[in-house]
Amino acid sequence: MKPNYEKSFVNISWDEEVGCTIAEWKGFSYGEELRIGMNKILELVKVKNATKTVADLRKMRMTSQEDQDWIIKDWTPRAIAAGIKYAASLVPESQVAKSSY
């Protein structure tokens with residue numbers, strides 16, 4: 001599956017078979033990088049009229065409280081408004097990262 005958006009910190013793809021966006025997060029991503037990646041997911045959701053999204057967080061590292069708050073208060077309501085009804089996450093492999101999710 002070829003990424004629709006590819007950066008050193010995230011690959012965002014559309015899975016035609018499952019009909020969902022897939023974001024594969026890599027290592028540390030915080031602040032502006034995280035927000036850009038999350039907003040790219042929403043752009044693809046809108047283009048594909050997606051109702052499902054998957055976040056592969058296995059390689060993700062810890063997320064700051066500020067970023068967690070932004071995801072909950074800003075991004076999640078916009079994701080719901082864009083049509084997301086189902087979201088799944090593959091949990092981080094890092095024990096430290098698991099504590100921030």
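Checking side-chain atoms of E66 against main-chain N and O of G31 turns up no donor-acceptor pair under 3.5 Å.
Side-chain contact between T21 and V54 is absent, with no heavy-atom pair separated by less than 4.5 Å. The shortest side-chain heavy-atom distance between D67 and S64 falls under the 4.5 Å cut-off. Between E43 and K40, some side-chain heavy-atom pair lies under the 4.5 Å cut-off. Within the 4.5 Å cutoff, side-chain heavy atoms of M38 are placed close to those of I71. Using a 4.5 Å heavy-atom threshold, the side chains of R35 and W70 count as touching.
Under the side chain to side chain donor-acceptor pair (under 3.5 Å) criterion, the residue pairs touching residues 75-91 are N39-R78, D74-R78, with sequence neighbours excluded.
Under the 4.5 Å side-chain heavy-atom criterion for ILVMFWY residues, no single connected hydrophobic cluster contains both V47 and I22.
Considering all non-hydrogen atoms of both residues, L34 and M60 come closest at CD1-CE, 3.8 Å. Here the closest heavy-atom approach between residue G19 and residue K52 is recorded as O-CE, 3.5 Å.
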Check: residues 9-16 side-chain donor-acceptor pairs under 3.5 Å, at least two apart:
from, atom 1, to, atom 2, distance (Å)
N11, OD1, K26, NZ, 3.3
W14, NE1, E16, OE1, 3.0
D15, OD1, E17, N, 3.0
D15, OD1, V18, N, 2.9

V91 and L57: side chain to side chain contact (heavy atoms under 4.5 Å, CB included), yes or no, with the steps?
CA-CA 5 Å; V91 297; L57 307 173; over 6 Å; no
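One finds the CD atom of E33 at 5.5 Å from the OG atom of S8 (value rounded to the nearest 0.5 Å). The CG atom of L44 lies 8.5 Å from the OG1 atom of T53; values are rounded to the nearest 0.5 Å. Of the inter-residue distances, the one linking K46 atom NZ with I41 atom CD1 reads 12.5 Å to the nearest 0.5 angstrom. Atom CE of M62 is separated from atom CZ of F28 by 9.0 Å, given to the nearest 0.5 angstrom. Rounded to the nearest 0.5 angstrom, E24 CD and K59 NZ are separated by 5.0 Å.
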